[in-house]
Protein chains: 2
Amino acid sequence: MTASLDSIFAALADPTRRAILAMLLEDDMAVTDVAEPFAMSLAAISKHLGVLERANLIAQEKRGRLKWCKLEPAALKAPSVWMQSFGQFDPVNLDDFERFLAAEIKLRSSDAAQES
Amino acid sequence: MTASLDSIFAALADPTRRAILAMLLEDDMAVTDVAEPFAMSLAAISKHLGVLERANLIAQEKRGRLKWCKLEPAALKAPSVWMQSFGQFDPVNLDDFERFLAAEIKLRSSDAAQES
DNA sequence: TCGTTATTCAACCTTTTGGTTGAAGATGCG
DNA sequence: CGCATCTTCAACCAAAAGGTTGAATAACGA
């Protein structure tokens, strides 16, 4: 039921996949819509979604010809517990999160620029 | 100063490296001592330590001919914040951590058994 | 049924990863 | 100095990761 720490951490190690998770934090999305912001093929995104699903970080459900992707935040509990045991951090600060997200988006923007 | 989320998550995605971090949670260790429990070459462990150091998860300091490795728990703050933003989990529970660690050690024990 | 849209599959390519072995550098010891 | 010890380097290898393209499959709409 719960995926391995290996597969979860490996899934999180790719910036495209983290960006997908951040998108799904806002809303469930179909595959084509997930792919839209990225300068890579649909097939590549499909593979990324497969990696995320195998790590149980998302669930995919086909309805009609659309396949809806939704976040499974519970999958983060195991690695979160693992990590936190190495040091006690301040309680979660959402501002910190916004900052990290902004930094990541900035880093990706040069790549994204080659798309119209 | 802070390593990328990419390099941190990638470093955490390997069970050997997570086991090394768990060992260093107990005590600082020299490279040869870190390698001792593992059924792989010293060079391989040296590479793993390089990955951990590039992710700032450990620091290495040479004293005499020994190179001491010590945990840098602060490096986990960034990914921890990133992860926690996806769902609010219970406060850290050390028992959970012991359980995960035990499960991981059990998984590795068949491999480890081929060493004397 | 036909064409369009949504998604994946299959084959392929290049780069990275995780391991090996053997030799080379440093450092400490007698 | 000469030797043993600690660690890394270099070259190599197989497998996995991340991407591509083109064809296949599935479902809808007219």
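Everything numeric in this text was worked out from a predicted model, so none of it was measured. Quick note on labels: first sequence line is chain A, next is B, and so on, each numbered from 1. Because only heavy atoms are used, hydrogens play no part in the values below, and waters and symmetry mates are left out as well, while side chains stay in.
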Basic-acidic side-chain contact under 4.0 Å: Lys70(A), Asp27(A)
no
Leu57(A) versus Leu76(A), closest heavy-atom pair with distance
CD2-CD2, 3.7 Å
Hey, is the side chain of Lys67(A) poking within less than 4.0 Å of OP1 or OP2 on dT8(C), counting only N and O atoms?
yes
Does a nitrogen or oxygen in the side chain of Arg65(B) sit under 4.0 Å from OP1 or OP2 of dA4(D)?
no
Can you tell if the side chain of Cys69(A) reaches within under 4.5 Å of the side chain of Leu24(A), non-hydrogen atoms only?
yes
Rounding to a whole Å, what distance do you find between Lys47(B):NZ and dC12(D):C1'?
10 Å
So, OP1 or OP2 of dA26(D): does either fall under 4.0 Å of a side-chain N or O from Lys62(A)?
no
What's the CD1-C1' distance between Ile58(B) and dT7(D), to the nearest Å?
13 Å
Between dA6(C), dT20(C), dT20(D), which nucleotide gets closest to the side-chain atoms of Leu66(A)?
dA6(C)
Using only side-chain N and O atoms of Ser41(A), determine if any of them is under 4.0 Å from OP1 or OP2 of dT20(D).
yes
Has Thr32(A) got a side-chain N or O lying under 4.0 Å from the OP1 or OP2 atom of dT5(C)?
no
Measure CD1/Ile20(B) against P/dG18(C) and give the value in whole Å, please.
11 Å
Side-chain N or O of Ser46(B) closer than 4.0 Å to phosphate OP1/OP2 of dC9(D):
no
Using a 3.5 Å distance criterion without hydrogens, assess whether the side chain of Arg17(A) forms a donor-acceptor pair with backbone atoms of Ala10(A).
yes
Can you tell me how far P of dC9(D) sits from CG of Leu49(B), to the nearest Å?
12 Å
What is the separation between atom CG on Leu42(A) and atom C1' on dT5(C), rounded to the nearest whole Å?
11 Å
